[in-house]
There are 2 protein chains.
Amino acid sequence: MTMAKQIDDADVFLATVDMLLANGYAGATTKMIAEAAGINEVTLFRKYGSKAELVAAALLHERAALEKEQPVAYTGNVEADLLAMVRIYAEAAHRQSALMLLIIAEVARYPELRETMQVPFMLISRFGKIVARYQEEGRLHSGEPLLVVGALLGPVIVNTMLRSAETSLPIPPIDLRIHIERFLHGYAIR
Amino acid sequence: MTMAKQIDDADVFLATVDMLLANGYAGATTKMIAEAAGINEVTLFRKYGSKAELVAAALLHERAALEKEQPVAYTGNVEADLLAMVRIYAEAAHRQSALMLLIIAEVARYPELRETMQVPFMLISRFGKIVARYQEEGRLHSGEPLLVVGALLGPVIVNTMLRSAETSLPIPPIDLRIHIERFLHGYAIR
DNA sequence: TTTTTTTGCAAGTAATCACTTGCATTTTAG
DNA sequence: CTAAAATGCAAGTGATTACTTGCAAAAAAA
């Protein structure tokens, strides 16, 4: 006898992740989350047990949403595939990128949340497989695929980070096409 | 009448930054910091006013230490200079790198600490000038120097981040020489 | 030495946080 | 309709936090 719920988990999880991104783990209070989700704070504890469990559930839900996304597939066109990866990261998975930063910087300190850390790393590991295939075909230089993915995404991630930090430095947005061109053929002239 | 101090500010600042890196801003309690610095918690408030002021002072002190470091200079050898930048970042300024992550991810949320954010960005802006010079000489492709620095450091930063997060992914350390080689001449074969 | 300043210690304050309890109300299931 | 489950509301608990106060000891300055 499963009972229909008046409260939509998805709404609560969305509010939870929003508050996490905006205020961090310590800064996202259960009171705030409840308010943002439009439910009573007590209900939060009755349904999810504790703040840590709620956050873990919300992150896992975020992963489930990511799994349904258009996966980047191998097409045989290196340039197009790399661009697609970087685009996914820079646009569609912008939220994931911010989440990854949050998780690495903060959530890692909370042992009870350790297992949820893998969530944003799925993308990276998926990209690694495509890179590996192009390496086997002799289209990309060899080397640990995860390092190559890091080199591909690193500039984009760092650009996002720096720009979101609103530093005094005037950092322009990265041009993904140019980035791929330079990634493939280098920054050196000649 | 300047009075000699029994308590060394440097010790306190070191303990403060250590605690920040290990536990984050919210997680680094004044009690912990005092304990790590070997002084009384009350002294912390008497000398530095508030936690925010203490953290700000500690971060500014960290910047002062960075300023005394061997600056990366223009030598005319692109490859060597780029490698030196990346080395500084990956080794000597490892702590700075972690600090930057912490500051971007967490400190940015505390308005009273906003001005201390520029601290780790000094390096980046310094690197930008060297890159700009090589661009003027026609040795590197043109483009906003700060973006080029981002592309240079991005893979290293992301590698450090991912490895420090102890993910389930087996991410090897990055080889800086190879990274520079790929940065200059690209990942494409042919 | 005498005075001033710095530090430590014990205790406490007010706020906040995650989390709980009891009870009334609404919603859903049978 | 009736019973059970889900939710809201008000109040409270205990722990923790940044920060304060008063006073004595120690160190430095004069």
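The analysis underlying the following values was restricted to heavy atoms, covering all of them including side chains, and did not include hydrogens, waters or symmetry mates.
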Of the nucleotides [options], which has the atom closest to the [X] side chain?
{"X": "A:S50", "options": "C:dA10, C:dC19, D:dA18", "answer": "C:dC19"}
{"X": "B:R46", "options": "D:dC9, C:dT7, D:dC19", "answer": "C:dT7"}
{"X": "B:K51", "options": "D:dC23, C:dC23, D:dC19", "answer": "D:dC19"}
{"X": "A:V42", "options": "D:dA18, D:dA10, C:dA10", "answer": "D:dA10"}

Inset, instruction - Report yes or no: is the cationic atom of A:K51 (NZ for Lys, CZ for Arg) closer than 6.0 Å to the six-membered ring centre of A:F45, at no more than 45° off its axis? - result: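 The answer is no, since A:K51 fails at least one limit relative to A:F45.
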To the nearest Å, give me how far apart [atom1] ([X]) and [atom2] ([N]) are.
{"X": "A:L44", "N": "D:dC9", "atom1": "CG", "atom2": "P", "result": "14 Å"}
{"X": "A:M32", "N": "C:dC19", "atom1": "CE", "atom2": "C1'", "result": "18 Å"}
{"X": "A:F45", "N": "D:dG8", "atom1": "CZ", "atom2": "P", "result": "14 Å"}

Inset, instruction - On the 0 to 90° scale, with breaks at 30° and 60°, tag the B:Y48-B:F13 ring pair as parallel, tilted or perpendicular. - result: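 Aromatic pair B:Y48/B:F13 classed tilted.
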Does the side chain of [X] get closer than 4.0 angstrom to OP1 or OP2 of [N] through an N or O atom?
{"X": "B:T30", "N": "D:dA18", "value": "yes"}
{"X": "B:N40", "N": "C:dC9", "value": "yes"}
{"X": "A:K47", "N": "D:dT7", "value": "yes"}

Inset, instruction - Check whether any side-chain N or O of A:Y134 sits under 3.5 Å from a backbone N or O of A:G76 as a donor-acceptor pair, and report yes or no. - result: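 Present.
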Inset, instruction - Decide whether A:T30 and A:E41 meet the rule of one side-chain donor and one side-chain acceptor closer than 3.5 Å. - result: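 Short answer, yes.
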